[in-house]
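This report concerns only the one structure given below.
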Amino acid sequence: MNIIPVPKILNDLPLVASRGDKVAIDMELFGLDQKRMHRPAGRFGSLACTSDGENVYIIFDGREVEPFLKNIEEATWLFHNSPFDLGHLRRWTTIKLRKRLWDTLLIEKIMYSGWYDNDQMGLNDLVRRYCDVYLEKKFQKEFKETDEWTQEKIEYAAKDVIATWRVYHEQRKVVSDEDLEIYKQIDLPTMWLTLGFKGVKVDTKRWIEVCAKSADKAKEIKDELDFNPGSSVQSKEALLKEGFHVSSSNAKVLEHLAKKTLLAQQIMDARVYTKRVSTYGEKWVDQFVEADGRVYSSWQVSEAISGRLSSRSPNLNNIPVRDTPEYRECFIAGEGNSFVIADYSAQEPRFAAELSGDKRLLEIFNSGKDIYIEIAREMFGETITKSDPRRADIKEIVIGSCNGLTEYGLAKKTGKTKKEALELLERYFSIFPGLYEYRENVKSRHPKYVKSVCGRKIWMNSYVYGWERVGMDSPLQSSAAEALKLSMIEFVEKWGCNPIILPSHDELMLEVKDEEAEHVRDILKQTMLDVAQRLHPSVRPSVSIVIGKKWSDKK
DNA sequence: GGAGACGGCGCC
DNA sequence: AAAGGGCGCCGTCTCC
């Protein structure tokens, strides 16, 4: 394996590049906290670029960023993980949305989603795969710990940017037109949108009140127990003492056991409350709410193999809602603003209908009626109400039917016997044979990869147990993700600015001025419907949308 | 004492 | 042997 030779480093001459030139750019910051990489923390370290893969131009003063970038304005910019650099560079200059931008990380994820894991997507991994080059990464820690520059560190910064430049040229040779279209039409515009997300305002006082209540309850229950219910090892041990041998102490198991022993219920309760204290406690506020009262998450455009967006530091995609709607009441619109909250109904089942072409399922969706009640009518020959427990069972089946749910799993989930569960599944698939075929096809065709409706590839690894379940589900999940991304892109195009504060898989939350809310609601709804209709033309789409002052004002 | 695996659980 | 998918984060456990 090779290493990159010490580059020629120039810091007295500006690089001037023009249209057609490819300029790799890389930024180093001092003193960044790993969990807050996306926030305006840390101090300017360096900005380096190269247009020929040999000579590196580098500056060490943030005040030079603006003229530095102006000189290469016309060129195509190459980054590895551009949101990091772009987000921080905005602290020293204005960065406008540009299409001439190649992100080697985003491209690699589009090309090799499911083939390589996320931990094999670093610049060092790419330069090893593409160029057989070894790239030293040990300096990252040093940037965190000290502001001192050494010759070695300068060389490291220079080598990084050369690696990016080299990887670009190799990727260019092998990337397919279809992958490039996904990049240009979907992921790159989405990346720019996520950079423009405003934070969400949080009522911190209320939040702390909510979690304080849970803290009290957690303590109460824990005091009654002589072991730590947060430990699976200790919980299993305690249950064994009462005569219950279990291989797992998770909620599903405990729920069954709760009928037989109080202990199971106690462990469950303790976990519910400690979860709220640990994950959604005071620490959450301390860590993530900025001085302006808002939370700024880090949004990843394609961290998930399906191309779903993901969120971290903090993860805004898993804020409690079922048992504790109080948390979402803490997400509030700013003074004089309203939220517009929209979500796609039964989005993945709709894509299942589209992709399987199942006749009966298509009819049900296109009838515009409640699909779960309609399916129940087919299955049981009677009309059930919304509160009938069978509706929840059917929901499980509808969602599970396309990601490989078995009678065993269904039985466990619903508390039915295996025989009952099998009967339900069989009846379901006899009504929707197209769905069954879709499911079985994945196994029998044994595809190298599956695709979303827009053509995003998800590679299968048949050596991994359960690969066929990923194969069934990925086209649905990734198509749904595309619908959401395209809705965002097209809405912002129409509206002219970006008021998005929180996307969540099949849901969008916008914050706009009160007087604009109704207008925005109408445009957003129409946009989402248009996009969905385009992506699943055989299925009538459905979007519910409301205007509110809190996230919880949903339904 | 730190790193990483694991179990568990919040959401869609 | 395991028994719908996708995430991120927490505390515990284990190992060095």
Side-chain angles (χ1 to χ4, degrees), chain A residues 35 113-114 118-119 214 218 227-236 246-255 267-268 270-281 283-284 287-288 297-300 302-325 327-328 343-349 351-352 395-414 418 421-422 425 428 435 439 442 450 458 464-478 480-481 484 502-508 551:
Chain A
K35 290 201 95 173
S113 180
N118 281 328
D119 61 4
S214 289
F227 64 95
N228 182 353
S231 154
S232 54
V233 176
Q234 293 177 39
S235 296
K236 279 185 276 189
V246 285
S247 55
S248 159
S249 75
N250 66 25
K252 235 184 258 169
V253 171
L254 293 178
E255 212 166 300
I267 297 174
M268 268 199 294
R271 288 192 186 160
V272 166
Y273 294 114
T274 46
K275 175 84 177 176
R276 288 179 203 165
V277 178
S278 59
T279 307
Y280 311 105
K283 206 179 99 190
W284 192 95
Q287 271 190 297
F288 300 125
S297 174
S298 170
W299 296 92
Q300 324 301 129
S302 64
E303 200 72 357
I305 60 169
S306 60
R308 261 189 180 181
L309 286 165
S310 80
S311 154
R312 54 179 190 234
S313 303
N315 182 355
L316 292 180
N317 280 339
N318 67 352
I319 301 299
V321 60
R322 277 168 217 158
D323 302 330
T324 35
Y327 280 104
R328 294 202 179 194
D343 71 276
Y344 280 118
S345 324
Q347 201 192 18
E348 287 188 28
F351 277 109
K395 235 174 152 170
E396 285 298 336
I397 297 174
V398 170
I399 292 166
S401 64
C402 286
N403 45 33
L405 181 66
T406 62
E407 67 271 23
Y408 184 90
L410 183 61
K412 240 185 168 179
K413 186 97 185 184
T414 59
K418 238 162 72 178
L422 180 63
L425 279 175
Y428 180 79
L435 266 187
R439 202 167 114 126
V442 175
V450 296
I458 297 100
V464 172
Y465 180 79
W467 69 269
E468 63 275 68
R469 291 195 288 274
V470 181
M472 296 167 193
D473 189 53
S474 291
L476 313 180
Q477 211 179 98
S478 60
L484 198 80
L502 208 165
S504 185
H505 309 309
D506 58 4
E507 172 182 338
L508 276 180
W551 192 359

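Just so we're on the same page: letters track the sequence lines, and every chain starts at 1.
Heavy atoms of Ser248(A) sit under 4.0 angstrom from primed sugar atoms or phosphate atoms, though from no base atom. Looking at heavy-atom distances under 4.0 Å, Lys413(A) makes contact with a base. Backbone-only engagement by Gln234(A) is indicated by non-hydrogen atom pairs under 4.0 Å involving sugar-phosphate atoms exclusively. At a threshold of 4.0 angstrom between heavy atoms, the contacts of Gly400(A) include nucleobase atoms, whether or not backbone atoms are also involved.
Note on Ser249(A): every side-chain N or O is 4.0 Å or more away from OP1 and OP2 of dG7(B). Dashed line: the shortest gap from a side-chain N or O of Arg469(A) to OP1 or OP2 of dG4(C) is not under 4.0 Å. Under 4.0 angstrom from either OP1 or OP2 of dC9(B) there lies at least one side-chain N or O belonging to Arg271(A).
Taking both residues in full, the closest heavy atoms of Glu348(A) and Leu476(A) are given as CG-O, 4.0 Å, listed atom of the first, atom of the second, then distance. Summarising the geometry of Tyr428(A) relative to Leu435(A), their closest heavy-atom pair is OH-CD1, 3.4 Å, with the distance given to 0.1 Å. The two residues Ile458(A) and Ile305(A) make their nearest non-hydrogen contact at CG1-O, 3.5 Å. The two residues Gln347(A) and His505(A) come nearest to each other via the heavy atoms OE1-O, 3.9 Å.
Between Trp551(A) atom CH2 and dC11(B) atom P the separation is 10 Å, expressed in whole Å. In this structure, CD of Glu396(A) is placed 15 Å from C1' of dA3(C), rounded to the nearest angstrom. Asp506(A) has its CG atom 17 Å from the P atom of dG6(C), to the nearest Å. If you measure from atom CG of Asn403(A) to atom P of dG4(C), you get 9 Å, rounded to the nearest angstrom. With rounding to whole Å, Leu410(A) atom CG is found 14 Å from dG5(C) atom P. The nearest whole Å value for the distance from the CG atom in Leu425(A) to the P atom in dA3(C) is 16 Å. Between the CG atom of Asn317(A) and the P atom of dC12(B) there is a distance of 9 Å, given to the nearest Å. Distance Trp467(A) CH2 to dA3(C) C1': 17 Å, rounded to the nearest Å.
Of the candidates dC9(B), dG4(C), dC11(B), the closest approach to any side-chain atom of Ala251(A) belongs to dC9(B). Across dC12(B), dG8(B), dG10(B), the shortest atom-to-atom separation from the side chain of His505(A) is found for dC12(B). Of the candidate nucleotides dC11(B), dG5(C), dG10(B), dG10(B) has the atom lying nearest to any side-chain atom of Val272(A). Counting only heavy atoms from C-beta on, Ile399(A) has its side chain closest to dG4(C) among dG4(C), dG8(B), dC12(B). Of the candidates dC13(C), dG4(C), dC9(B), the closest approach to any side-chain atom of Ser231(A) belongs to dC13(C).
Residues forming a side chain to side chain donor-acceptor pair (under 3.5 Å) with Ser313(A) (at least two apart in sequence, or on another chain): none. Qualifying side chain to side chain donor-acceptor pair (under 3.5 Å) partners for Ser311(A), counting only residues two or more places apart in sequence or in other chains: Ser297(A). Considering only residues two or more places apart in sequence or on other chains, Ser235(A) meets the side chain to side chain donor-acceptor pair (under 3.5 Å) condition with Arg271(A). Legend: residues meeting side chain to side chain donor-acceptor pair (under 3.5 Å) with Ser248(A), ordered by chain and number and at least two apart, are Asn250(A).
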Dump the pairs, protein N or O against N or O of nucleotides 7-11 of chain C, anything under 3.5 Å, distances to one decimal.
unit_1, atom_1, unit_2, atom_2, d
dC7(C), OP1, Ile305(A), N, 3.1
dG8(C), OP1, Ser310(A), OG, 3.1
dG8(C), O4', Asn315(A), ND2, 2.9
dC9(C), OP1, Ser313(A), N, 2.8
dC10(C), OP2, Lys35(A), NZ, 3.0

Each nucleotide N or O in nucleotides 14-16 of chain C that has a protein N or O under 3.5 Å away: list the pair and distance.
none

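Between Gln477(A) and Tyr408(A), the one whose closest nucleotide on DNA chain C sits nearer the 5' end is Tyr408(A).
Of the candidates Pro229(A), Ser232(A), Ser231(A), Ser249(A) forms a side-chain contact (heavy atoms from CB on, under 4.5 Å) with just one, namely Ser232(A).
Contact check on Glu303(A) versus Arg308(A) returns no salt bridge, with no Lys/Arg side-chain nitrogen under 4.0 Å from an Asp/Glu carboxylate oxygen.
With both ends at atom P, the span from dA2(C) to dG8(B) equals 14 Å, rounded to whole Å.
Rounding to the nearest 0.5 Å places CE of Met472(A) at 8.5 Å from CG of Asn403(A).
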